[in-house]
A.B. asks: 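Structure provided below as structure tokens; questions to follow.
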Protein chains: 2
Amino acid sequence: MNADALRGHMDALLLSVLEHEPLHGYAIIEALRERSGGELDVPTGTVYPALRRLERAGLLAGEWASDGGRKRRTYRLTDAGRKALTGERSAWRSFTTAIGSVLDPLR
Amino acid sequence: MNADALRGHMDALLLSVLEHEPLHGYAIIEALRERSGGELDVPTGTVYPALRRLERAGLLAGEWASDGGRKRRTYRLTDAGRKALTGERSAWRSFTTAIGSVLDPLR
DNA sequence: TGTCTACATATAGACAGCCTACATATAGAC
DNA sequence: GTCTATATGTAGGCTGTCTATATGTAGACA
């Protein structure tokens, strides 16, 4: 998976994976890997800053929790985040349609 | 169309639009707009540098031509470019499958 | 004649976000 | 006591897209 290809789609991925359950960063990375059949292996240096960015933007709400001695920051979708996810999904469809129409004009 | 979303897919678009006929930069922009139903409107400041980059990489071959007093630089796919296009198409499929599996897990 | 639009190419510099590499720490297995 | 998995985070680099600007021809139109 080329790194540049992910640009601008990270937000959609993060929002989507948090749609049905709150998760912490590490678990998000695993969820992305599992859901994509191992295709998406996003480095921590990408995910943690992105989560903070989405939190600052009001799309996610983060909260510290403890599992034994381990500290986790668990994120859940806000209402704005849920709305944004809808937009991201529709943008994804437009995007794939547009690029696809150029790459595979016969279909 | 968000600008960042295009990142890493520009090469595929340019190679693809040149697959069946050589074109010059301006015509490429129009072809992208037409093929995508107006969705893709790529600025000149993106296309011209990208074409040079692909030329330097050996995927395109450019040649100056004249139509009356107008000068055009017409690009055609090289053999390496044709090979790269195949790779870009397959990468595009992996990419959409991976992202799609996260965004629309039900399908 | 002058102006406007479409055609055509190009570059400089800004910007954003993803990456690598590194730092830190706990838990549990062995 | 060492190793691996779990867990978060930052600094700095990279690179490709964008905006803005520059330059010039051709043709329409007044």
Side-chain angles (χ1 to χ4, degrees), chain A residues 1-15 17 22-34 36 39-57 59-60 62-75 88 91 95 98-99, chain B residues 1-15 17 22-34 39-57 59-60 62-75 84 88 91 95 98-99:
Chain A
M1 173 69 62
N2 172 25
D4 272 329
L6 236 40
R7 276 256 191 167
H9 305 289
M10 201 63 229
D11 294 7
L13 292 174
L14 295 176
L15 295 174
V17 94
L23 291 171
H24 61 279
Y26 195 86
I28 288 171
I29 292 173
E30 289 184 319
L32 287 174
R33 188 164 38 231
E34 277 161 33
S36 67
E39 199 70 14
L40 290 173
D41 195 5
V42 190
T44 65
T46 297
V47 168
Y48 290 110
L51 289 171
R52 292 307 189 124
R53 181 167 47 79
L54 291 173
E55 191 180 11
R56 268 199 314 279
L59 307 185
L60 297 182
E63 205 176 347
W64 283 106
S66 275
D67 174 28
R70 279 208 193 91
K71 280 182 178 174
R72 294 168 169 172
R73 190 161 180 82
T74 301
Y75 292 93
E88 291 282 358
F95 172 73
I99 309 290
Chain B
M1 173 68 62
N2 171 24
D4 272 327
L6 237 41
R7 273 257 190 165
H9 305 289
M10 201 63 229
D11 295 7
L13 291 174
L14 295 176
L15 295 173
V17 93
L23 291 171
H24 60 281
Y26 196 87
I28 289 172
I29 293 172
E30 290 185 317
L32 288 174
R33 188 164 40 229
E34 278 163 31
E39 200 69 13
L40 292 172
D41 194 6
V42 190
T44 64
T46 297
V47 168
Y48 290 110
L51 289 170
R52 293 306 189 124
R53 181 169 47 80
L54 291 173
E55 190 180 13
R56 269 199 312 278
L59 307 185
L60 296 182
E63 205 177 346
W64 283 105
S66 276
D67 173 29
R70 280 210 193 89
K71 279 182 178 174
R72 295 167 169 172
R73 189 160 180 84
T74 302
Y75 292 91
E88 291 283 358
F95 172 72
I99 309 289

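Here is how names work: the chains are called A, B, and so on, in the same order as the sequence lines, proteins then strands, and each is numbered from 1.
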A.B. asks: Could you check how far CZ of A/R53 sits from C1' of C/dC18, rounded to whole Å?
C.D. replies: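 So the CZ-C1' distance, A/R53 to C/dC18, works out to 10 Å.
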A.B. asks: Rounded to whole angstrom units, what separation is found between the NE2 atom of A/H9 and the P atom of C/dC18?
C.D. replies: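 The answer, rounded to whole Å, is 9 Å.
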A.B. asks: Counting side-chain heavy atoms from CB outward, which of C/dA10, C/dC7, C/dC18 is closest to B/Y26?
C.D. replies: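 Side chain of B/Y26 sits closest to C/dC7.
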A.B. asks: Looking at A/E30, I want to see if its CD is surrounded by more than 12 non-hydrogen atoms of other residues, nucleotides or ligands under 6.0 Å.
C.D. replies: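 Correct, the count exceeds 12.
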A.B. asks: May I ask you to say what B/G25 touches in the nucleic acid, namely base, sugar-phosphate or nothing, with a heavy-atom cut-off under 4.0 Å?
C.D. replies: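 Contact class for B/G25: sugar-phosphate only.
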A.B. asks: Under 3.5 Å, is there any donor-acceptor pair linking the side chain of B/T44 to the base of C/dA10?
C.D. replies: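 When only heavy-atom distances are counted, B/T44 does reach the base of C/dA10 through a donor-acceptor pair under 3.5 Å.
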A.B. asks: Using the heavy-atom set of chain A and a strict 4.0 Å cut-off, write down the first and last nucleotide of DNA chain D that makes it in, 5' to 3'.
C.D. replies: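 Reading along DNA chain D, I get D/dA5 to D/dG16.
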A.B. asks: Rounded to the nearest Å, what distance is computed from the OH atom of residue B/Y75 to the P atom of nucleotide C/dT9?
C.D. replies: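 These atoms are roughly 8 Å apart.
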A.B. asks: To the nearest angstrom, how far is B/D4 atom CG from C/dG17 atom P?
C.D. replies: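 Whole-Å distance recorded here is 6 Å.
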A.B. asks: Rounded off to whole Å, could you give me the NZ-to-C1' distance for the B/K71 and C/dA10 pair?
C.D. replies: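 From B/K71 NZ to C/dA10 C1': 13 Å.
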A.B. asks: Quick one: label B/G45 by what it contacts on the DNA or RNA (base, sugar-phosphate, nothing), any heavy atom closer than 4.0 Å.
C.D. replies: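 Base, at least one base atom sits under 4.0 Å.
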A.B. asks: Quick one: on DNA chain C, does B/I29 or A/R7 contact a more 5' nucleotide (nearest heavy atom)?
C.D. replies: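 Nearer the 5' end of the strand: B/I29.
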A.B. asks: At what distance, to the nearest 0.5 angstrom, does CD1 of A/I29 lie from CG of A/D41?
C.D. replies: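 Going from the CD1 atom of A/I29 to the CG atom of A/D41 covers 8.0 Å.
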A.B. asks: Would you please test A/L32 and A/M10 for side chain to side chain contact (heavy atoms under 4.5 Å, CB included) and show each step?
C.D. replies: CA-CA 11 Å; A/L32 287 174; A/M10 201 63 229; 4.1 Å; yes
A.B. asks: How far apart are the closest heavy atoms of B/H9 and A/A5, and which atoms are they?
C.D. replies: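 Result for this residue pair: NE2-O, 3.4 Å.
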A.B. asks: Okay, side chain of B/E55, backbone of B/G62: is any donor-acceptor separation there less than 3.5 Å?
C.D. replies: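 Yes; judged by distance alone, with no hydrogens or angles, the pair exists.
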A.B. asks: Write down the distance between CG (A/L40) and P (C/dC19), rounded to a whole number of angstrom.
C.D. replies: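 Between P of C/dC19 and CG of A/L40: 10 Å.
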